There are 4 protein chains.
Amino acid sequence: MSDEMRQFDQIEEELTEKHWKILEAAVKVFSEKGYGASRTSEVAKEAGVSEGTIFNYFKTKKDLLTSMVIPLVVRFFRPLILLSVEKIFRTRKDRELEDVLLDVMRDRVKLVKSNLPLIKTVATEAAYHPELLDPIREQMAPKLVEIAAKFFQEEVAKGTLRDVDPVLALRALMSLLGGYILMREVMPEAMRLQDEETELRRLLDLYLHGVAKQDRQE
Amino acid sequence: MSDEMRQFDQIEEELTEKHWKILEAAVKVFSEKGYGASRTSEVAKEAGVSEGTIFNYFKTKKDLLTSMVIPLVVRFFRPLILLSVEKIFRTRKDRELEDVLLDVMRDRVKLVKSNLPLIKTVATEAAYHPELLDPIREQMAPKLVEIAAKFFQEEVAKGTLRDVDPVLALRALMSLLGGYILMREVMPEAMRLQDEETELRRLLDLYLHGVAKQDRQE
Amino acid sequence: MSDEMRQFDQIEEELTEKHWKILEAAVKVFSEKGYGASRTSEVAKEAGVSEGTIFNYFKTKKDLLTSMVIPLVVRFFRPLILLSVEKIFRTRKDRELEDVLLDVMRDRVKLVKSNLPLIKTVATEAAYHPELLDPIREQMAPKLVEIAAKFFQEEVAKGTLRDVDPVLALRALMSLLGGYILMREVMPEAMRLQDEETELRRLLDLYLHGVAKQDRQE
Amino acid sequence: MSDEMRQFDQIEEELTEKHWKILEAAVKVFSEKGYGASRTSEVAKEAGVSEGTIFNYFKTKKDLLTSMVIPLVVRFFRPLILLSVEKIFRTRKDRELEDVLLDVMRDRVKLVKSNLPLIKTVATEAAYHPELLDPIREQMAPKLVEIAAKFFQEEVAKGTLRDVDPVLALRALMSLLGGYILMREVMPEAMRLQDEETELRRLLDLYLHGVAKQDRQE
DNA sequence: CATGAATGAGACTTCATTCAT
DNA sequence: GATGAATGAAGTCTCATTCAT
């Protein structure tokens with residue numbers, strides 16, 4: 001395990017079961033009303049503890065918000081390093097690139113969807129509490145870029161992908177997936193969204209081949 | 001002028017100069033601290049009026065927030081209909097598709113950037129006040145889809161674009177632009193962003209031709 | 001008027017009528033229950049304003065306490081400079097020293113008694129908020145010492161008083177008066193206190209001539 | 001032993017070692033922050049016990065405060081009766097009155113100084129919890145008055161002291177000592193205090209002979 | 001219309017006290 | 001007897017909103 005994870009492991013191990021219960025209650029309440037409009041009394045009720053107990057575990061209400069980086073890292077960063085990446089590389093050999101990418105897309109969408117309240121809260125509150133993004137900026141993003149770069153470069157070497165900037169390619173894929181998830185949440189009819197499998201396949205096709213008619217040679 | 005715009009025109013015409021001064025002050029303050037953490041007293045100071053005056057023009061603080069759809073529509077929806085679209089079609093004939101799209105991208109990015117406080121506020125608060133998105137969902141998005149559909153269909157007919165779902169194509173372009181703007185605001189270094197013109201060109205290239213090595217025939 | 005008073009004048013002039021109303025309510029409530037055990041709601045009720053109004057005039061509850069130095073200075077320091085001293089000197093010429101001192105004692109006891117709640121509060125809270133004593137330490141005490149020194153020195157020159165340290169003499173007189181007032185408040189029976197005039201005369205006699213049988217020559 | 005002491009002895013004997021440890025911790029903490037601003041958790045930490053344990057020994061926080069009369073009586077009242085008084089009388093015969101009084105003053109100042117936290121706490125809190133003074137009012141003060149009366153009367157009989165009210169003389173001595181100790185704690189510079197021995201000698205001189213020039217005969 | 005003093009509901013937070021272990 | 005997690009009542013302070021001037 002990398003050094004940079006040590007601190008989060010320690011944090012995680014310091015968190016008792018009740019810590020987690022309260023934190024999850026906060027994620028739920030904050031995601032429904034927003035941090036500012038949420039009441040610590042609601043978090044307490046949701047967690048099944050008294051209001052005072054919250055403050056035995058989290059110094060302030062704000063602390064409850066900033067502590068959300070912990071599950072964020074635990075659920076998104078650690079799996080990124082320990083599991084998914086290996087899996088992608090292990091399973092790549094004998095499969096079509098498209099299948100691999102489709103799997104990745106399915107997997108990421110599933111992960112995001114199952115953590116939507118957490119992500120929604122962090123994403124919206126990060127606009128006014130930028131420190132929430134620090135671990136993403138400083139640890140997750142660089143690691144993600146590193147992994148993506150390695151993957152894309154290998155594909156370029158194999159001749160399956162064009163020699164585009166791997167970070168650009170990564171950003172583009174994330175943008176497409178992010179846009180899809182956002183539209184699906186916010187205005188699925190207006191954007192005429194279909195079932196997820198179809199959408200992901202269409203996105204992947206567009207990601208791989210673009211929208212232009214193929215009349216150019218590289 | 002379409003019927004659906006009437007209401008906004010009326011609203012706009014009802015808004016006095018002081019309405020706008022207060023509303024702009026609110027956009028500024030809300031975008032810096034977030035709606036919940038902003039104080040009506042700060043908005044008053046920023047607008048150069050007394051606190052009581054705000055409530056002569058806007059019934060409640062929430063009213064200040066929901067009223068932000070007005071400038072949003074005025075600045076994004078009306079130009080969409082009256083100006084840019086015509087321009088795109090007018091200038092299309094004698095120019096390369098790529099140039100046209102690049103112009104559109106530049107134009108949209110510029111528009112978003114010049115209205116970032118307003119968009120940031122509406123985007124984050126919409127998470128907990130969905131009614132903020134109603135005019136977007138019900139008026140802007142359909143109109144946008146309509147325009148895009150017409151445009152993409154004509155291009156398909158000309159043989160410049162593949163026959164992909166125009167709404168998918170629209171969403172994809174918006175996603176790429178949105179992802180770019182977001183990354184530029186949030187973590188430009190981690191995502192290794194370069195100057196805007198370069199980024200937009202790379203995005204357009206990727207949008208048109210995808211990331212895959214062109215070895216397939218349609 | 002001396003420079004050192006300017007700041008307090010300014011402070012005093014900045015204080016509106018409502019400032020004073022709240023401050024006096026606070027003095028009353030604090031003196032009955034102590035600062036810590038007093039509730040801002042009680043101060044509000046006593047002042048006849050809403051609880052919120054208190055915080056329009058005093059930033060915090062603590063501010064209410066520290067602001068008590070203002071009436072303290074206004075009522076004890078200013079009269080000290082402007083009135084009493086002159087009076088003492090003016091009336092000295094043609095009167096017995098004992099009468100003059102007795103007048104001073106009566107006057108000071110009266111002043112203290114009429115401000116007992118304020119003094120009680122400042123005295124007890126100063127034990128844990130030493131900044132309350134700053135104006136006393138830095139302005140009142142030195143001025144008092146200066147006045148006393150001048151007075152005692154003149155008396156020594158006249159041959160009415162022994163050549164003792166004027167500051168010691170001042171302290172001793174204050175101690176005797178303070179002890180008297182304290183005992184009167186706290187345990188008048190146990191200390192067998194009599195009517196005030198008698199007590200003050202006995203104290204003055206003791207102050208002037210001591211307890212020892214006069215068998216010594218200086 | 002007098003009847004009136006029985007209760008305190010009993011109380012004292014009921015107090016276990018842990019009682020004392022907690023009580024002394026409370027004295028320390030209360031004297032630093034004041035009763036109201038002190039936290040039982042701090043007392044617990046200072047005493048080296050858990051917070052719950054405090055409440056096994058003292059029913060409430062208030063109980064901790066009122067229990068402080070116990071050490072107060074133990075340290076001030078009992079020695080008063082059992083030791084010092086006898087000593088004073090025993091040593092009086094063959095010594096100058098001044099030496100005796102100076103010894104008493106030195107002894108009392110030393111006793112007060114070595115118990116300053118306790119006295120400071122009781123003195124300030126007594127302003128709002130008068131019951132703290134009950135044992136002083138009802139037991140210590142009368143005893144003290146009794147002893148002083150006997151002493152002063154004997155001195156008057158010997159011709160060493162004027163025939164002043166012994167209680168007045170007692171109060172005056174206590175006032176001078178109290179004022180000295182207070183000034184020494186609160187504003188030693190402003191009151192130009194010198195070393196203790198000098199101060200006590202000067203106070204005694206003033207106490208015995210007054211400030212007036214001796215030109216009168218009794 | 002504009003003002004800003006006054007309001008008071010309600011939020012966060014503290015902390016003495018309890019009690020199961 | 002000792003512990004310390006849990007409690008919840010209560011306190012200070014904030015701030016959107018009102019309204020008399």
Side-chain angles (χ1 to χ4, degrees), chain A residues 16-19 21-22 35-45 47-64, chain B residues 16 18-19 22 35-45 47-65, chain C residues 16-19 21-22 35-45 47-65, chain D residues 16-19 22 35-45 47-65:
Chain A
T16 65
E17 201 179 333
K18 193 156 288 183
H19 265 113
K21 199 164 77 175
I22 294 170
Y35 167 71
S38 296
R39 307 295 155 223
T40 52
S41 59
E42 295 174 277
V43 175
K45 194 167 17 159
V49 301
S50 80
E51 206 168 349
T53 299
I54 288 183
F55 295 92
N56 288 342
Y57 290 85
F58 299 89
K59 240 152 69 92
T60 63
K61 185 190 175 193
K62 178 77 183 289
D63 200 27
L64 217 37
Chain B
T16 64
K18 194 162 282 183
H19 265 112
I22 294 171
Y35 167 72
S38 295
R39 309 297 157 222
T40 51
S41 59
E42 293 174 278
V43 176
K45 190 157 62 158
V49 300
S50 80
E51 215 172 336
T53 299
I54 288 184
F55 292 91
N56 289 336
Y57 290 85
F58 299 89
K59 235 156 74 88
T60 65
K61 186 191 176 191
K62 177 78 181 289
D63 207 27
L64 264 179
L65 180 63
Chain C
T16 65
E17 201 180 331
K18 193 156 285 179
H19 266 113
K21 198 163 79 177
I22 294 171
Y35 168 72
S38 295
R39 306 296 155 223
T40 52
S41 60
E42 295 174 277
V43 175
K45 197 175 2 169
V49 300
S50 80
E51 204 167 352
T53 298
I54 289 183
F55 294 94
N56 288 342
Y57 290 85
F58 299 89
K59 243 153 69 91
T60 63
K61 185 190 175 191
K62 177 79 181 290
D63 200 26
L64 218 37
L65 179 63
Chain D
T16 65
E17 198 180 338
K18 195 161 285 187
H19 266 112
I22 294 170
Y35 167 72
S38 295
R39 309 294 156 225
T40 51
S41 59
E42 293 173 277
V43 175
K45 189 157 61 155
V49 302
S50 80
E51 214 172 336
T53 299
I54 287 184
F55 292 91
N56 289 338
Y57 289 85
F58 298 89
K59 232 157 75 87
T60 64
K61 185 190 174 192
K62 177 79 181 288
D63 207 27
L64 264 178
L65 180 63

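This one's a predicted model, so the numbers in the text were calculated from it and none came from an experiment. Heavy-atom basis, side chains included; hydrogens, waters and symmetry copies ignored.
Here the closest heavy-atom approach between residue B:A47 and residue B:I22 is recorded as CB-CA, 4.0 Å.
Spacing between atom CZ of A:F55 and atom P of E:dC15 amounts to 13 Å, rounded to whole angstrom units. Rounded to whole Å, atom C1' of E:dA6 lies 19 Å from atom NZ of C:K45. Atom-to-atom, CD1 of C:I54 to P of E:dA5 comes out at 17 Å; the value is rounded to the nearest Å. Following rounding to the nearest Å, A:N56 (CG) and F:dG4 (C1') show an atom-to-atom distance of 10 Å. For the pair B:K61 NZ and F:dT14 C1', the computed distance is 11 Å after rounding to whole Å. Straight-line distance from the CG atom of B:L65 to the C1' atom of F:dA16: 15 Å, rounded to whole Å. Between the CD1 atom of B:I22 and the C1' atom of E:dC1 there is a distance of 12 Å, given to the nearest Å. At whole-Å resolution of the value, CD in D:E42 and C1' in E:dC15 are 11 Å apart.
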*Give the dot-bracket string for DNA chain E, reading 5' to 3', where a pair is Watson-Crick or G-U wobble with both distances under 3.5 Å, ( ) marks pairs inside the strand, [ ] marks pairs crossing earlier ones, | marks a partner on another strand, and . marks unpaired.*
.||||||||||||||||||||
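Where B:S41 and A:T53 meet DNA chain F, the nucleotide closest to each residue was compared, and A:T53 sits on the side nearer the 5' end. Take the nearest nucleotide of DNA chain E for A:E51 and for B:S50: the residue whose nucleotide is more 5' is B:S50. When the nearest nucleotides of DNA chain F are assigned to D:V49 and B:G36 by heavy-atom distance, the more 5′-ward of the two goes with D:V49.
Two residues are said to be in side-chain contact when any heavy atoms from C-beta on lie closer than 4.5 Å; A:N56 and A:K18 fail this criterion. No side-chain heavy atom of A:V49 sits less than 4.5 Å from a side-chain heavy atom of A:Y57.
Across all strands shown, A:K62 has no heavy atoms under 4.0 Å from either base or sugar-phosphate atoms. Within the 4.0 angstrom heavy-atom criterion, only backbone atoms of the sugar-phosphate kind lie near D:Y57; the bases stay farther away.
With values rounded to the nearest 0.5 angstrom, C:K59 atom NZ is found 14.0 Å from C:L64 atom CG. With rounding to the nearest 0.5 angstrom, the CG atom of B:L65 is 11.5 Å from the CZ atom of B:F58.
You'll find that the side chain of B:K18 is closest to E:dA2, out of E:dA2, F:dT17, F:dC13. Closest to the C:T60 side chain, of the nucleotides E:dT13, F:dC13, E:dT17, is F:dC13.
Considering only side-chain N and O atoms, D:T40 lies nowhere under 4.0 angstrom from the phosphate OP1 or OP2 of E:dC15. For E:dT17, the OP1/OP2 oxygens have no side-chain nitrogen or oxygen of D:K59 closer than 4.0 Å. Applying the 4.0 Å criterion to OP1 and OP2 of F:dA16, one finds that B:R39 has a side-chain N or O inside that range.
Side chain of D:K61 to backbone of D:S38: a donor-acceptor contact under 3.5 angstrom is found.
Cation-pi geometry between D:K62 and D:Y35 is not satisfied (NZ or CZ under 6.0 Å from the ring centre, within 45° of the ring normal).
Residues A:E51 and A:T40 bring a donor and an acceptor atom of their side chains to less than 3.5 Å of each other.
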